[in-house]
Amino acid sequence: MNFHFNISIFAFLYKHIFKNFNEMEMTDTSRKRRTEIADILKNPSIGEEVMVKGWVRAFRSNRFVALNDGSTFNNLQIVLDSDNMDQDILKSVSFHACIAVTGKLVESAGAGQAVEIQAEQVEILGSNDLETYPLQPKKQTMEFLREKAHFRMRTNTFSAVFRIRHAVAFAINKYFNDKGFYYMHTPIITGSDAEGAGEMFRVTTLNPEDAPKGEDGKVDYNQDFFGKATNLTVSGQLQAEIGALAMGKVYTFGPTFRAENSNTSRHLAEFWMIEPEVAFYDIFDNMDLAEDFCKYLINYVLEKYPDDLAFLDKRIQDLEKNMKKEERRPMGLIETLKFVIENDFERITYSDAINYLKSSKPYKKGKFKFPVEWGVDLSSEHERWLVEKKFKKPVIVRDYPKDIKSFYMRQNEDGKTVAAMDVLFPGIGEVVGGSQREERLELLQKRMAEMDIPEEELNWYLDLRRFGGTPHSGFGLGFERIILFITGMSNIRDVIAFPRTPGNAEF
RNA sequence: GCCCCUUUAGCUCAGCUGGUUAGAGCGUCGGACUGUUAAUCCGCAGGUCCAAGGUUCGAGUCCUUGAAGGGGCGCCA
């Protein structure tokens, strides 16, 4: 009785829970285990029968399919015997259709690839109607593909970009882990609006059309979800300092939101930022870390993703063929990346920068639009001149005038400057912004008062100085900006899957 | 937020000082093709010239306003 009961339970489970699995086995090609194309190309087992699944990148001569499954930049060639095939299936083998192929892996008879599959069975997993499908097997503009963001990852360019994006994200965690940093998650929703890094997005559950009002007629955020006004984070730095002053070395790596109306190829409203924060580090340790970190990330991609980089490199060269010499990049992509990791970043002070700019040709000829004067922030034309013309490599500028920088930066002995540093890269400008933090309570309080930052909001931050404080430093690195540099793409909207910018939040 | 540019076939573009039925390449579709590498070759189809208003005998072309996209600048990472 018991035995029979168990049997029927099993039959029930099999029938209902494993039903889908059972149905999958009905199709012949699905029964075998699928092999990823990256594995086949890395370690080809000639003569063996394999099954691959992927998307058709090209179909030539009624015979050759270039198949890509995303596991690698490279395609696998499938050879079809079109005469001895179901003609309906053959017709469905079209651009970007999804297919499963079973066949024998053989050495390729043609040039251009080492191995190929002699197809014995082809199954159409997802057909593709080319009369309505927007993508074409040809060069398409970035602007067009941006509008078709749900398809653009199927292209060589974007799949390469997003593989590299993954690689850099992984390398960031590896770098810090190997160096004994702790990965810290700082809040996405913050109750502090004193962070001073830009306009914030309000987070609320109140009905904007019918929000409760206080006696002063203003919205009463005491009745909001958190009992106070809250926003999306613009920086995890202040909270990361809490971590650094307890765990020594920490870093954050998460989304950041800025409601600035910035319309440039270097700004996003939602982007990812890496913020290491280290106890006992001064501004020079901080610069060493920033430089070593940037070089590590670039080197990691050069070592692990050469095929993707080579494609992006060639893509840029093709693009620049029709451009005037002075508009082209001075070096190829891979050449530039190698140059950056093999040379020291130039290190100058803000005052040096002003002097260099004042003795520059464009300054003397009156070509700069913005004033070059001690105390005024460098504008992007000045930064570009320093990086692209004067030094021709990344430049770290430090010791900025205190009046153009944030309240928490450590005041220097001269009484005029703070221990701030920016790392500037060719083509994209500021990639890193950081500083040694002001650890002296009185000086910090004085600075906050001068800049009208209420102490009550940041008492916890001041406590870090009151109780067991120490000198410490950190910086923020724009994740998409470093991806922009490594991939050689020219618009930041093309290195994030679903860009959020003023007036645009599609997908 | 400011300045500049663009908008013509599915995509990328040409279209002269306003003047017949608006063109090309690529793609699609149809055909050929068993060693191709965004294959190639032959053929057909495909257009509310961004929108609204205006000037004119006549507007893809000139003017005004708006929209969308791009580039530069500011703010920053």
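Note that the structure is a prediction, hence the values are computed from the model and not measured. To find a chain, count down the sequence lines: A is the first, B the second, and so on, and within it residues start at 1.
The base of B/rU12 is not paired with the side chain of A/Q140 by any donor and acceptor separated by under 3.5 Å.
One P atom belongs to B/rU7, the other to B/rG46, and the distance between them is 25 Å to the nearest Å. With both ends at atom C1', the span from B/rC49 to B/rG60 equals 5 Å, rounded to whole Å. Spacing between B/rC13 and B/rA52 at atom C1', rounded to whole Å, works out to 26 Å. B/rA24 sits 42 Å from B/rG74 when the C1' atoms are compared, rounded to a whole Å. One P atom belongs to B/rA59, the other to B/rG43, and the distance between them is 36 Å to the nearest Å.
A donor-acceptor pair under 3.5 Å is formed between the side chain of A/K392 and the backbone N or O of A/K389.
Of the residues in residues 495-506 of chain A, none has a non-hydrogen atom less than 4.0 angstrom from any atom of RNA chain B.
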Protein-nucleic acid N or O pairs under 3.5 Å, nucleotides 71-74 of chain B:
from, atom 1, to, atom 2, distance (Å)
B/rG71, OP1, A/N491, ND2, 3.2
B/rG71, OP2, A/N491, ND2, 3.3
B/rG72, OP2, A/S265, OG, 3.4
B/rC73, OP1, A/S380, OG, 2.9
B/rC73, N4, A/N263, O, 2.8
B/rG74, OP1, A/S380, N, 2.9
B/rG74, OP2, A/S380, OG, 3.4
B/rG74, O6, A/N263, N, 3.2
B/rG74, N1, A/N261, O, 3.4
B/rG74, N2, A/N261, O, 3.2

Polar pairs (N or O, both sides) under 3.5 Å between protein and nucleotides 42-48 of chain B?
none

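Shown are A/K405, A/R398, A/R347; of these, the salt bridge (Lys or Arg N to Asp or Glu O under 4.0 Å) with A/D422 is made only by A/K405.
Stacking of the aromatic ring of A/F271 onto the base of B/rA77 is found: the ring centres lie under 5.5 Å apart and the planes are inclined by under 30°.
For A/N84 and A/D81, the side-chain atoms include at least one donor-acceptor pair closer than 3.5 Å.
The distance between atom CG of A/L130 and atom P of B/rC26, rounded to the nearest whole Å, is 17 Å.
Pairing of B/rG69, defined by two Watson-Crick or G-U wobble distances under 3.5 Å, is identified with B/rC5.
Phosphate contact (OP1/OP2 of B/rU36, side-chain N/O of A/R60, threshold under 4.0 Å): absent.
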